[in-house]
Amino acid sequence: MPSHTESALEAGLAALKQGNYQTAIAQLEPIATQGNGTASLQARVGLVMAYARSGELKKAIALCQTLTESQNTQVKEWANVALTHLTKKRKKPQNSHHPAADTSPAATTKPRYSSSVPSVGLQNRYVGNNGLLNSPGYTQPKEFGIYWRQAKRAKVWQPLKKPSLIPLRLLSVGTFIALFWVLKEILKSVMAAINITLVKLPYLEPLQLLYRDPSRLILAILFIAIAASPWLLDWLLAYFYGQKELSKDLLPNYSRETSRVLHRYCQQRHWPSPQLRILPIAAPIALTYGNLPRNARIVVSQGLLEQLADDEIAAIYASQLGQITHQDFVLMSLLLLITLPIYQLYQQVAVWADKLSKGAFHWPLTITSSLLYGLWCVLTGTGLLYSRLRPYHSDRLAAEVTGNPNGLTRALLKISIGIANDVKREEQTSGLLESLNLLLPVSYQQSISLGSIAGHLNFESLLMWDSINPYRRWLTVNNTHPLIGDRIRNLCQIAQHWHIDPEVHITSQQSLSEQTLQVTHQSFLRQTAPFLGVPLGLVFAGLIWLVWQTAFALKFLNLKWIYEDLSFVTGCLLIGFSIGTVIRMNSFFPNIKQSNIHTDQQLPHLLANPSSLPIDSVPVQFVGKLLGRQGMSNFLSQDLILQSSTGLVKLHHVSWLGQPINPQDLVGRQIIVTGWFRRGATPWIDIQSIQTQSGKTINSPHPIWSIILAVAAQAWGAYIFLVG
């Protein structure tokens with residue numbers, strides 16, 4: 001049994017004995033779906049008792065019925081006894097949990113039971129570590145579907161303590177400076193390239209204007225863009241995505257509470273009501289842009305109005321009001337105004353490249369398209385830190401305005417599910433989702449797996465990694481949004497502060513065991529080895545300099561001709577990075593064997609493991625349909641997703657230059673993906689190979705490129721170190 005499975009099983013059984021049933025369910029459910037081994041059967045027996053004692057009789061009975069079909073006589077005997085007790089309990093008049101579709105008042109009440117299901121002692125007796133329960137004929141439990149507790153809202157609540165907005169303000173200044181610096185460096189590079197070209201061409205002279213500092217020009221453009229952003233974005237979103245005005249008379253048809261929330265909040269602040277817009281798309285999204293409260297626009301999609309309930313729509317609108325209140329929508333509007341045209345240009349150039357697939361301009365257009373996409377990524381990257389901080393504040397204000405943190409919790413989860421469904425339906429990540437991602441309530445990256453796997457596990461299990469992994473925030477460096485589990489845990493704390501039952505039971509007391517923490521810490525050190533190698537290289541350079549100074553003072557050795565300009569420090573940094581990359585490589589790309597391979601049926605368990613890190617490479621072989629954009633818009637393989645029988649998972653591919661077949665050529669076809677599953681803020685698979693039903697194979701040489709990178713860094717560093 002893998003160590004992480006064993007530790008999770010022990011933690012789940014311990015929580016069951018202590019009466020912490022929600023924690024037990026969250027720990028045991030992922031193991032229960034993991035094959036037919038002893039640990040899986042132990043988890044199922046424990047789940048029967050946890051479900052029964054937390055009031056979820058239907059789930060307990062359904063799972064217990066599958067255990068009565070076990071080929072192990074002891075387990076079958078226990079399950080028959082337990083099923084008798086559960087059936088008797090169910091016949092008694094009492095409220096019980098309802099399935100996902102039930103939104104009746106009874107479904108919002110969490111009942112308590114003193115279930116007489118046989119105790120955990122019997123579970124230990126029948127399902128011990130004796131290997132008795134490896135039955136190949138065991139019937140897997142049925143999927144339970146998406147389950148909503150429909151937890152209530154606060155009827156009377158106290159205002160929350162006001163958070164400090166100083167970090168948000170400082171980060172907004174830093175983001176603006178970063179955006180300005182990036183634009184300045186890009187413009188200076190373009191100006192220099194133009195003048196260098198003019199110098200080399202005959203009969204032409206360089207333009208003196210292009211030698212000037214463009215700082216003032218860029219600042220002027222940025223401030224003009226902020227002032228004009230509401231109207232320019234109105235035009236861009238209408239032109240590219242069909243945005244229209246949303247009538248205030250139409251909004252109450254979907255959510256009466258939203259109209260009341262908007263009117264009451266704006267009246268208290270003496271604001272005019274923000275202008276309402278709608279995007280005619282099925283994906284549930286929302287965003288806000290503008291520069292002042294009177295010029296603010298709140299945009300939602302048709303899918304959001306149709307897929308969310310009345311109170312959940314109101315919670316999303318309240319969170320958008322929070323962005324106006326905290327004024328973070330101003331800088332985000334500027335970022336969107338700058339990046340959206342670049343993204344549209346990237347897509348248009350890719351279309352031209354596809355049309356000229358056999359012409360002389362095909363590859364120049366393809367390269368230009370890829371460069372534009374890279375430019376879009378760089379400019380978007382300047383706002384990542386700011387984008388990750390601001391949702392915490394808007395979530396808090398939304399909960400305080402509506403008194404309904406549970407409504408916002410459900411809204412965030414339903415948006416994630418809706419985005420995953422949109423990716424399935426479109427069979428790609430739409431350009432709208434990617435280009436507007438920075439402003440959305442939930443990012444499309446975190447929705448891909450979370451939203452598609454919902455229904456195979458409960459939300460407590462799915463969000464456990466997000467809420468208790470000690471290194472989770474280090475793995476969000478390239479993410480546009482904070483972890484949804486962290487956000488929901490904050491909303492749970494608000495619900496508990498107001499003495500209401502939370503929609504999802506995520507508590508701050510949940511943590512990993514000390515032994516698991518130690519293993520996770522070692523994994524994290526291996527994960528960050530290339531980056532830890534850089535400061536170690538700096539230390540090594542300092543020691544080299546100290547030794548040289550001592551030798552020079554003692555007239556023992558004179559290396560001043562090498563070290564007088566300290567350029568050797570750069571060489572030491574590169575060598576340190578190279579050594580760290582080599583150290584990480586063996587753990588990052590272990591050998592894939594049939595004996596240790598995981599299938600897509602185990603995806604829920606892989607996602608729910610709270611101690612996993614990307615370095616804990618899990619060899620996998622998933623079967624499913626390849627989704628993604630086709631043609632040259634996906635030349636960098638930036639949009640590759642596998643749709644398996646259990647859910648969606650992001651794919652990472654690197655290719656050899658000039659290979660005859662590219663993954664985007666296989667979009668829409670059934671494939672077999674072999675590679676390494678990595679659990680990070682966005683789960684993904686590093687591809688080793690892709691195989692089609694017809695036998696075609698595409699290899700993705702991740703380890704080879706890592707070796708090339710390490711060797712190149714080592715050689716370059718050694719060269720600098722030796723010659724200065």
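The basis for the numbers below is simple: all heavy atoms, side chains too, and nothing from hydrogens, waters or symmetry mates.
Proximity of Leu538 to Leu573: side-chain heavy atoms (C-beta onward) are separated by under 4.5 Å at one or more points. Side-chain contact between Val423 and Tyr444: absent, with no pair of heavy atoms (C-beta onward) separated by less than 4.5 Å. Two residues are said to be in side-chain contact when any heavy atoms from C-beta on lie closer than 4.5 Å; Asp395 and Asn490 fail this criterion. Side-chain contact between Glu427 and Lys625: present, with at least one pair of heavy atoms (C-beta onward) separated by less than 4.5 Å. By the 4.5 Å heavy-atom criterion applied to side chains, Glu29 and Leu47 are counted as neighbours. Contact of the Asn437 side chain with the His481 side chain is registered, since non-hydrogen atoms from C-beta on lie closer than 4.5 Å. Leu613 is listed as a side-chain neighbour of Asp616, based on a closest heavy-atom distance under 4.5 Å. For the pair Leu432 and Ile285, the minimum side-chain heavy-atom distance is below 4.5 Å.
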- request: Start with the C-alpha gap between Ile708 and Ile704, add the side-chain angles, then the distance that decides, and say whether side chain to side chain contact (heavy atoms under 4.5 Å, CB included) holds.
  value: CA-CA 6 Å; Ile708 292 173; Ile704 296 176; 4.0 Å; yes
- request: Go through the steps to decide whether Leu603 and Ser644 satisfy the test side chain to side chain contact (heavy atoms under 4.5 Å, CB included), and finish with yes or no.
  value: CA-CA 9 Å; Leu603 178 59; Ser644 71; 4.2 Å; yes
query: Going through the checks in order, is the side chain to side chain contact (heavy atoms under 4.5 Å, CB included) test met by Val442 and Leu450?
result: CA-CA 11 Å; Val442 179; Leu450 173 63; over 6 Å; no
query: Yes or no on side chain to side chain contact (heavy atoms under 4.5 Å, CB included) for Phe677 and Val649, after CA distance, side-chain angles and deciding distance?
result: CA-CA 9 Å; Phe677 178 85; Val649 61; 4.1 Å; yes
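Defined by atom type and a distance below 3.5 Å, a donor-acceptor pair is present between the side-chain atoms of Asn609 and Ser611. Between the side chains of Gln601 and Ser645, at least one donor-acceptor pair of N or O atoms lies under 3.5 Å. No hydrogens or angles considered: a donor-acceptor pair under 3.5 Å links the side chains of Gln621 and Thr674.
Pairs passing the salt bridge (Lys or Arg N to Asp or Glu O under 4.0 Å) check and including a residue from residues 631-641, sequence neighbours excluded, read Arg629-Asp639. Residue pairs meeting the ring pair (Phe, Tyr, Trp, His ring centres under 6.0 Å) criterion with at least one partner in residues 365-386, sequence neighbours excluded, are Tyr343-Trp376, Tyr346-Tyr373, Tyr373-Trp376. Within the structure, every pair that satisfies the salt bridge (Lys or Arg N to Asp or Glu O under 4.0 Å) test and touches residues 683-711, not counting sequence neighbours, is listed here: Arg678-Asp686.
Rounded to the nearest 0.5 angstrom, His653 NE2 and Asn634 CG are separated by 10.0 Å. Annotation: the span from Leu648 atom CG to Leu642 atom CG amounts to 8.5 Å, rounded to 0.5 Å. Summarising the geometry, atom CG belonging to Asp600 is positioned 12.5 Å from atom NE2 belonging to His598; distances are rounded to the nearest 0.5 Å. One distance of note links OG of Ser655 with CD1 of Ile698; it measures 9.5 Å at 0.5 Å rounding. The distance from atom CD of Glu426 to atom CG of Leu627, rounded to the nearest 0.5 Å, is 11.0 Å.
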Donor-acceptor contacts, no H, no angles, side chain residues 574-592, under 3.5 Å, sequence neighbours left out:
residue	atom	partner	partner atom	Å
Ser578	OG	Ala710	O	2.7
Ser578	OG	Gln714	OE1	3.0
Thr581	OG1	Phe577	O	2.9
Arg584	NH1	Gln527	O	3.2
Ser587	OG	Arg526	NE	3.2

Determine all donor-acceptor pairs shorter than 3.5 Å in which one atom belongs to a side chain in residues 664-673; sequence neighbours excluded.
residue	atom	partner	partner atom	Å
Asp665	OD2	Asn662	N	3.1

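Within the 3.5 Å criterion, the main-chain N or O of Ile417 finds a donor-acceptor partner in the side chain of Asn421. Under a 3.5 Å cut-off, the side chain of Ser369 and the backbone N or O of Leu365 do not form any donor-acceptor pair. Distance alone, capped at 3.5 Å, places no donor-acceptor pair between the Asp466 side chain and the Leu463 backbone. Panel note: side chain Ser430, backbone Leu433; a donor-acceptor pair is recorded below 3.5 Å. Counting only distance, with no hydrogens or angles, the side chain of Gln638 and the backbone of Leu636 share a donor-acceptor pair below 3.5 Å. Under the 3.5 Å distance criterion, the side-chain polar atoms of Arg489 are matched with a main-chain donor or acceptor of Ser467. A distance-only check finds a donor-acceptor pair linking the side chain of Ser617 to the backbone of Ile615 [under 3.5 Å]. A side-chain donor-acceptor contact under 3.5 Å links His702 to the backbone of His652. Between the side chain of Asp354 and the main chain of Met632, a donor-acceptor pair closer than 3.5 Å is present. No donor-acceptor pair closer than 3.5 Å links the side chain of Ser633 to the backbone N or O of Ala350.
The number of heavy atoms from other shown groups lying within 6.0 Å of CZ (Phe540) does not exceed 12.
The minimum heavy-atom distance linking Pro683 with Arg679 is given by the pair CG-NH1, 3.7 Å. Ile453 and Pro604 make their closest contact through CD1-CG, 4.0 Å (heavy atoms, listed as atom of the first residue, atom of the second, distance).
Leu532 is linked by a side-chain contact (heavy atoms from CB on, under 4.5 Å) to Leu525, Thr528, counting only residues two or more places apart in sequence or in another chain.
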